[in-house]
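The structure under discussion appears below in the form of structure tokens.
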Amino acid sequence: MKLLLDTQVLLWAAGNSKRLSVSARTLLNDPTNDLCFSAASLWEITIKASLGRKDFRVEPRVLRRGLLDNGYLELPVTSQHAVSVDGLPDLHRDPFDRLLLAQALTEGITLVTADALLATYPGPIRKI
């Protein structure tokens, strides 16, 4: 199964955070799953790190290289993804999360999130 990790889960996975439950670790470590990250997540991390957010203390270039070196697949943002955001119900205001969801829906990938509000959207979402 292809899994698109939302930004927070991506940071937790890359940092081997204790915030990941046993079931989440099992899901992410399952060799039959393809783990994907979005260019939108790196964009979000870059912006929030530059604003001094303490929960985004990571060098985006190093993170990207590490993800690729560890077999993660990079999902670029396309114009189709961008225009698909307009079809989403107005449940969540975070533009990055909305774009990630639009990517998952467009590509038929399961979005993995810890965000309870994001998980209320219909579609291929797995809350961990």
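No donor-acceptor pair under 3.5 Å is formed between the side chain of D6 and the backbone N or O of L100. Between the side chain of R98 and the backbone N or O of R93, no donor-acceptor pair lies under 3.5 Å. Judged by distance alone, with hydrogens and angles left aside, the side-chain atoms of Q103 form a donor-acceptor pair with the main-chain N or O of P76 at under 3.5 Å. Side-chain N or O atoms of E107 include none that pairs as donor or acceptor with a backbone N or O of I109 at under 3.5 Å. Between the side chain of Y121 and the backbone N or O of L88 there is no donor-acceptor pair closer than 3.5 Å. Checked by atom type and distance alone, the side chain of N29 pairs as donor or acceptor with a backbone atom of R25 at under 3.5 Å.
Under the 4.5 Å side-chain heavy-atom criterion for grouping Ile, Leu, Val, Met, Phe, Trp and Tyr, L68 is connected to L28 within one hydrophobic cluster. The hydrophobic cluster containing L105 does not contain V112, counting ILVMFWY residues as joined when their side-chain heavy atoms lie under 4.5 angstrom apart, directly or transitively.
Inter-residue side-chain proximity for I47 and R53 is flagged as unmet; no heavy-atom pair is nearer than 4.5 Å. Residues I125 and T120 form no side-chain contact, since every pair of their non-hydrogen atoms from C-beta on lies 4.5 Å or further apart. For the pair L75 and L4, the minimum side-chain heavy-atom distance is below 4.5 Å. No side-chain heavy atom of W12 sits less than 4.5 Å from a side-chain heavy atom of K18. Looking at T113 and I128, their side chains never come closer than 4.5 Å, going by heavy atoms from C-beta outward. Residues T110 and M1 form a side-chain contact, since some pair of their non-hydrogen atoms from C-beta on lies under 4.5 Å apart. Here the side chains of L99 and V77 are in contact, with some heavy-atom distance below 4.5 Å. The shortest side-chain heavy-atom distance between L118 and L111 falls under the 4.5 Å cut-off.
Around atom CZ of R126, no more than 12 heavy atoms belonging to other residues, nucleotides or ligands sit under 6.0 Å away. Enclosure of atom NZ in K2 is not indicated, since only 12 or fewer non-hydrogen atoms of other residues, nucleotides or ligands lie within 6.0 angstrom.
Taken to the nearest 0.5 Å, the NZ atom of K48 stands 11.5 Å off from the OG1 atom of T46. A distance of 8.0 Å separates CG in L35 from CG in L73, rounded to the nearest 0.5 Å. The distance from the CD atom of E74 to the CG atom of L42 is 6.5 Å, given to the nearest 0.5 Å. With rounding to the nearest 0.5 Å, the separation of CZ in R61 from CD1 in I45 is 13.0 Å.
Listed by chain and residue number, nothing satisfies the side-chain hydrogen bond (donor to acceptor under 3.5 Å, both in side chains) test with Y72 (two or more places apart in sequence, or in another chain).
Checked by atom type, the side-chain pair H81/S84 shows no donor-acceptor distance below 3.5 Å.
The only member of S41, S38, C36 that meets side chain to side chain contact (heavy atoms under 4.5 Å, CB included) when paired with L10 is S41.
Nearest approach of D115 to K127, heavy atoms of both residues: C-CE, 4.5 Å. Nearest heavy-atom pair across A14 and L67 is CB-CD2, 4.5 Å.
Ion pairing between a basic and an acidic side chain is recognised when a charged N comes within 4.0 Å of a carboxylate O; D69 and R65 show such pairing.
Pairs of residues two or more places apart, or lying in two chains, that qualify as ring pair (Phe, Tyr, Trp, His ring centres under 6.0 Å) and include a residue from residues 94-116 are W43-F96.
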> Under the side chain to side chain donor-acceptor pair (under 3.5 Å) criterion, do T7 and E44 qualify, and how do the steps go?
Replying inline: CA-CA 8 Å; T7 306; E44 179 179 14; 2.6 Å; yes

